[in-house]
Amino acid sequence: MYSALQKCFPVVGLVLLAACSSSENRLPIFGERDVITKEVDGKTVTDTAYYQVPAFQYVNQDSLPVSDKTFEGKIYVTDFFFVSCPTICPKMKTQMKRVYEQFKSNPDVMILSYTIDPAHDTPAVLKEFAKNLGVTGNQWQFATGKKEDIFKTGKSYMVVAQEDAGAPGGLLHSGHFVLVDKEKHVRGMYDGTTEAGADKLMADIDKLLAEYKK
Amino acid sequence: MKKAAICLTVLTLFFESACQNQEELKQEKYFVEGYQLYTEHCANCHQTDGKGLEALYPPIDGSDYLKDKEKVICLIRYGQNEPIVVNGRSFHRPMPANPQLTDIDIAEITTFIYNKWGEENVITDVKETSKILDTCRVQREKTKVLN
């Protein structure tokens, strides 16, 4: 038994070492990537072009424009919901509120919730919803606009948002929270309907913030 | 000696379960199933701890609305579109109806809610619940005709 342990020990040590060196703590970058080769000073260099969330332009809960520019120099968390949604949205908003409280005083972190029911969720409705949720200021933006555009934006974050007669409320959307970095790269996807998902997100936000401190 | 200890435990367990009469077992069943139904159908908004969410969804724990149980039972089945005042605060989100819940489901949810947060220690029986649900169905149909 003892000798077996001894035999095992070096292996265990190796595994631990490997675990340590691989956890360099950088979050992955999601989406397709291209390798581009270009000429710099007469030399050929290869570089990786990562997927970036494309530009968007909507209106927020204060009837002011909200666009990709609003999030320049910020990392942000985004999700898709609608105010009258009877199923997963309340869960998601419960969890997102925790994230909001956690990073409330951090100027580098923002939240962006898109409504997928813009006919009902006007800026005024979103404003009241935000107020009732206990959200003040600009850190948490609620975006509304043309439905087709919002569905398209959903795809650009790699999440589902679409009409579906079979779904409660007539709209189908994913319960994911998406973490986006300052370069518009998608760095994480989390289950926004569970406490565990939100916990993982909050831990990853800390990791991502640390990447910018180096 | 060890054997004797085991025997004693088994005997104690036996007597304990025998003492737990039918009524208590029924209440336990209502409570446990009510808890499961609550988790599935109510906790999204009202939260697992029954405290609600900010000014969006009202609390059940400590809610003065619980004093009218008949209203609560009807509310679970039929929902409500008008604002609701709980502990002096007004909430404006509509509560969806739950036509998929049967009378026994609602009796169990009500038992869970009142045993957990309503300082009650009795069962809200399905017979009682069905009667209340019937009354409010008739009332709702009457108001529909009047309108």
Side-chain angles (χ1 to χ4, degrees), chain A residues 61 79 81-102 104 111 113 115 117 119-122 124-137 139-140 142 166-175 177 191-199, chain B residues 34-65 72-102 105-106 109 112-113 116-117:
Chain A
Q61 68 267 39
D79 71 347
F81 85 115
F82 58 110
V83 164
S84 58
C85 154
T87 52
I88 58 172
C89 306
K91 280 191 189 177
M92 292 169 73
K93 288 294 158 280
T94 304
Q95 295 309 323
M96 196 66 104
K97 184 77 195 312
R98 291 178 60 222
V99 178
Y100 173 75
E101 294 296 341
Q102 175 85 11
K104 211 171 180 177
I111 299 174
S113 290
T115 174
D117 184 15
H120 176 267
D121 297 348
T122 58
V125 169
L126 291 173
K127 181 77 181 171
E128 207 217 338
F129 183 83
K131 199 182 88 193
N132 288 340
L133 188 58
V135 174
T136 50
Q139 196 175 6
W140 190 341
F142 291 81
L171 290 156
L172 183 75
H173 64 108
S174 106
F177 291 164
D191 181 356
T193 64
T194 63
E195 217 170 290
D199 287 347
Chain B
Y35 166 71
Q36 286 163 348
L37 288 162
Y38 176 85
T39 307
E40 191 180 333
H41 300 281
C42 320
N44 274 7
C45 296
H46 296 290
Q47 310 292 321
T48 313
D49 61 8
K51 300 243 189 278
L53 182 62
E54 307 289 338
L56 283 176
Y57 313 115
I60 298 174
D61 185 7
S63 165
D64 59 2
Y65 202 84
V72 171
I73 287 172
C74 292
L75 180 59
I76 296 173
R77 161 85 38 98
Y78 294 105
Q80 181 167 325
N81 281 315
E82 304 78 42
I84 186 171
V85 177
V86 174
N87 301 341
R89 283 170 87 191
S90 182
F91 295 82
H92 299 267
R93 303 246 69 80
M95 167 156 153
N98 291 287
Q100 79 280 21
L101 294 177
T102 61
D105 289 344
I106 293 175
I109 291 172
F112 169 74
I113 287 173
K116 181 92 179 161
W117 299 306

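Reminder, nothing fancy here: chain letters follow the sequence lines and each chain counts from 1.
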Inset, instruction - Would you mind checking which part of B/His41 comes under 4.5 Å of any heavy atom in chain A, side chain (CB onward), backbone (N, CA, C, O), both or neither? - result: neither
Legend entry - Per-residue contact mode, A/Lys131 against chain B (heavy atom under 4.5 angstrom): neither
Legend entry - B/Tyr35, OH: over 12 other non-hydrogen atoms inside 6.0 angstrom: no
Inset, instruction - Evaluate the ring planes of A/Trp140 and A/Tyr100, with Trp represented by its six-membered ring, and classify them as parallel (under 30°), tilted (30 to 60°) or perpendicular (over 60°). - result: tilted
Inset, instruction - List the atom of B/Arg77, the atom of B/Thr102, and the distance in Å for their closest heavy-atom pair. - result: NH2-C, 3.6 Å
Inset, instruction - Take the angle between the ring planes of B/Tyr38 and B/Phe112 and call it parallel below 30°, perpendicular above 60°, tilted in between. - result: tilted
Inset, instruction - Select one option (side chain, backbone, both, neither) describing which atoms of B/Phe91 are under 4.5 Å from chain A's heavy atoms. - result: neither
